[in-house]
Number of protein chains: 2
Amino acid sequence: MGKQTTEMLKGTLEGVVLAILAGQPAYGYEITAWLRNQGFSDIAEGTVYALLVRVEKRGLVDVAKVPSEKGPPRKVYSLNDQGREYLEEFWAAWRFLSERLERLREGGR
Amino acid sequence: MGKQTTEMLKGTLEGVVLAILAGQPAYGYEITAWLRNQGFSDIAEGTVYALLVRVEKRGLVDVAKVPSEKGPPRKVYSLNDQGREYLEEFWAAWRFLSERLERLREGGR
DNA sequence: TACTGGTACATAGTAACACTGAATAGAAGA
DNA sequence: TCTTCTATTCAGTGTTACTATGTACCAGTA
């Protein structure tokens, strides 16, 4: 995935995960698998779990423990109102950065 | 500027500065002023100087000391070949992330 | 002279975040 | 029993941007 991508993920990975949860509730293992499937090949499981703990502590998600057919019970996360609000701010920040980067890429210093 | 933007800058600010230097050589104070002018209102001077020291150590830029009419001499940085190569990788990483984020924003989970 | 303000660079300490690596645990199949 | 998925957790590390402060040079002004 490259070191540059890793550093870029700081600050955006959280938004990515919240955006996934905005689509539908999900649990850690599932999210990790989805990310890897999308090309974030080097995402460590530990990274996702730590992130989920963080957003839970901040009250951006609700959690439900759901028994699994295979393996230990899942912790299913869903975005709550506060999380949705936070996600909006994330998109605003993303737009801000994205616009400036695109301008730079086109050489428009 | 917001906390989210700050976290997002990690990993991208470096690319932004290198992209500026790709346009033309510049010195720290100038770069800081330019960034603030572009809406990165909270960029601390110290941040830019530390970043420039970093990229210099990694050999991505060349440095020339140029006397200033006002104040102490300027350290003018210019992107070298290695820096240009690194910048290419940065844009590749940016495209990668950008594509996936845009897809997510459109709800296309 | 002393003071202010703009230019220009530097750095010690802190917080946030993703990664590494390892451990734990349940269930199914060889 | 041993392996292999599934699923979560956590201690330790490295990178990066911020805060806050300090240094230094020059010009204008009271």
Side-chain angles (χ1 to χ4, degrees), chain A residues 1-18 25-36 40-58 60-61 63-77 86 90 93 97, chain B residues 1-18 25-36 40-58 60-61 63-77 86 90 93 97:
Chain A
M1 210 171 58
K3 201 207 149 223
Q4 301 231 38
T5 310
T6 290
E7 283 307 321
M8 252 183 231
L9 275 181
K10 293 190 181 178
T12 56
L13 183 58
E14 192 177 285
V16 168
V17 170
L18 293 180
Y27 54 97
Y29 192 80
E30 188 185 11
I31 293 171
T32 305
W34 185 87
L35 286 170
R36 287 185 172 156
F40 297 99
S41 47
D42 297 351
I43 292 283
E45 286 198 283
T47 299
V48 174
Y49 286 113
L51 190 158
L52 288 170
V53 167
R54 231 154 51 219
V55 294
E56 184 188 351
K57 265 186 190 152
R58 282 203 230 126
L60 306 178
V61 292
V63 192
K65 204 156 228 171
V66 178
S68 163
E69 317 84 46
K70 301 182 75 169
R74 298 164 175 167
K75 284 178 77 176
V76 175
Y77 294 85
Y86 189 82
F90 169 79
L97 193 58
Chain B
M1 213 172 54
K3 201 206 148 225
Q4 301 231 40
T5 308
T6 289
E7 284 307 321
M8 254 183 229
L9 274 182
K10 294 190 180 177
T12 56
L13 183 59
E14 192 177 284
V16 168
V17 170
L18 293 180
Y27 54 97
Y29 192 81
E30 190 184 10
I31 294 172
T32 305
W34 185 88
L35 286 170
R36 287 184 172 155
F40 297 99
S41 47
D42 297 351
I43 291 284
E45 283 197 272
T47 298
V48 174
Y49 287 114
L51 190 158
L52 288 171
V53 168
R54 234 154 49 217
V55 294
E56 185 189 351
K57 266 186 190 153
R58 284 204 227 124
L60 306 179
V61 293
V63 193
K65 205 155 227 171
V66 178
S68 164
E69 315 86 46
K70 301 182 71 167
R74 299 165 173 167
K75 283 179 76 176
V76 175
Y77 294 84
Y86 189 82
F90 170 80
L97 193 59

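Since the model is a prediction, treat every value here as computed from it, not as a measurement. Every chain is numbered from 1 and lettered A, B, ... according to where its sequence line falls, protein lines coming before strand lines.
Rounded to whole Å, atom C1' of dC18(D) lies 17 Å from atom CE of Met8(B). For Ile31(A) and dT6(D), the CD1 to P distance is 16 Å, given to the nearest whole Å. Going from atom CD of Glu56(A) over to atom P of dC10(D) covers 11 Å, rounded to whole Å. Whole-Å rounding puts the Lys65(B) NZ to dA24(D) C1' distance at 12 Å. For the pair Arg74(B) CZ and dT23(D) P, the interatomic distance rounds to 24 Å; values are reported in whole Å. Nucleotide dA7(D) holds its P atom 14 Å from the CG atom of Leu52(A), rounded to whole Å. For Lys70(A) and dA27(C), the NZ to P distance is 12 Å, given to the nearest whole Å. The nearest whole Å value for the distance from the CD atom in Gln4(A) to the P atom in dT15(D) is 14 Å.
In this structure, Gln4(B) CD and Leu9(B) CG are separated by 12.0 Å, a value rounded to the nearest 0.5 Å. How far CG of Asp42(A) is from NZ of Lys3(A): 14.0 Å, rounded to the nearest 0.5 Å. In this structure, OG1 on Thr5(A) lies 8.5 Å from CZ on Phe40(A), to the nearest 0.5 angstrom. Atom OH of Tyr29(B) sits about 8.0 Å away from atom OH of Tyr49(B), to the nearest 0.5 Å. Taking CD1 of Ile43(B) as the start and CD1 of Ile31(B) as the end, the distance is 11.5 Å to the nearest 0.5 Å.
Between Ser68(B) and dA8(C), a side-chain N or O to OP1/OP2 separation shorter than 4.0 Å is present. Remark: Tyr27(A) is in phosphate contact with dA7(D), judged by side-chain N or O atoms under 4.0 Å from OP1 or OP2. Applying the 4.0 Å criterion to OP1 and OP2 of dT6(D), one finds that Tyr29(A) has a side-chain N or O inside that range.
Nearest to the side chain of Tyr49(A), among dT11(C), dT8(D), dT7(C), sits dT8(D).
With respect to Tyr86(B), the side chain to side chain contact (heavy atoms under 4.5 Å, CB included) criterion is satisfied by exactly one of Leu60(B), Val55(B), Val61(B): Leu60(B).
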Show each protein N/O and nucleotides 17-25 of chain C N/O combination with a separation under 3.5 Å, one pair to a line.
| from | atom 1 | to | atom 2 | distance (Å) |
| --- | --- | --- | --- | --- |
| dC17(C) | OP1 | Lys3(B) | NZ | 3.4 |
| dA18(C) | OP1 | Leu9(A) | O | 3.1 |
| dA18(C) | OP1 | Gly11(A) | N | 3.3 |
| dA18(C) | OP2 | Arg54(A) | NH2 | 2.6 |
| dC19(C) | OP2 | Thr47(A) | OG1 | 2.5 |

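Remark: the backbone N or O of Tyr77(A) is not paired with any side-chain donor or acceptor of Glu56(A) at under 3.5 angstrom.
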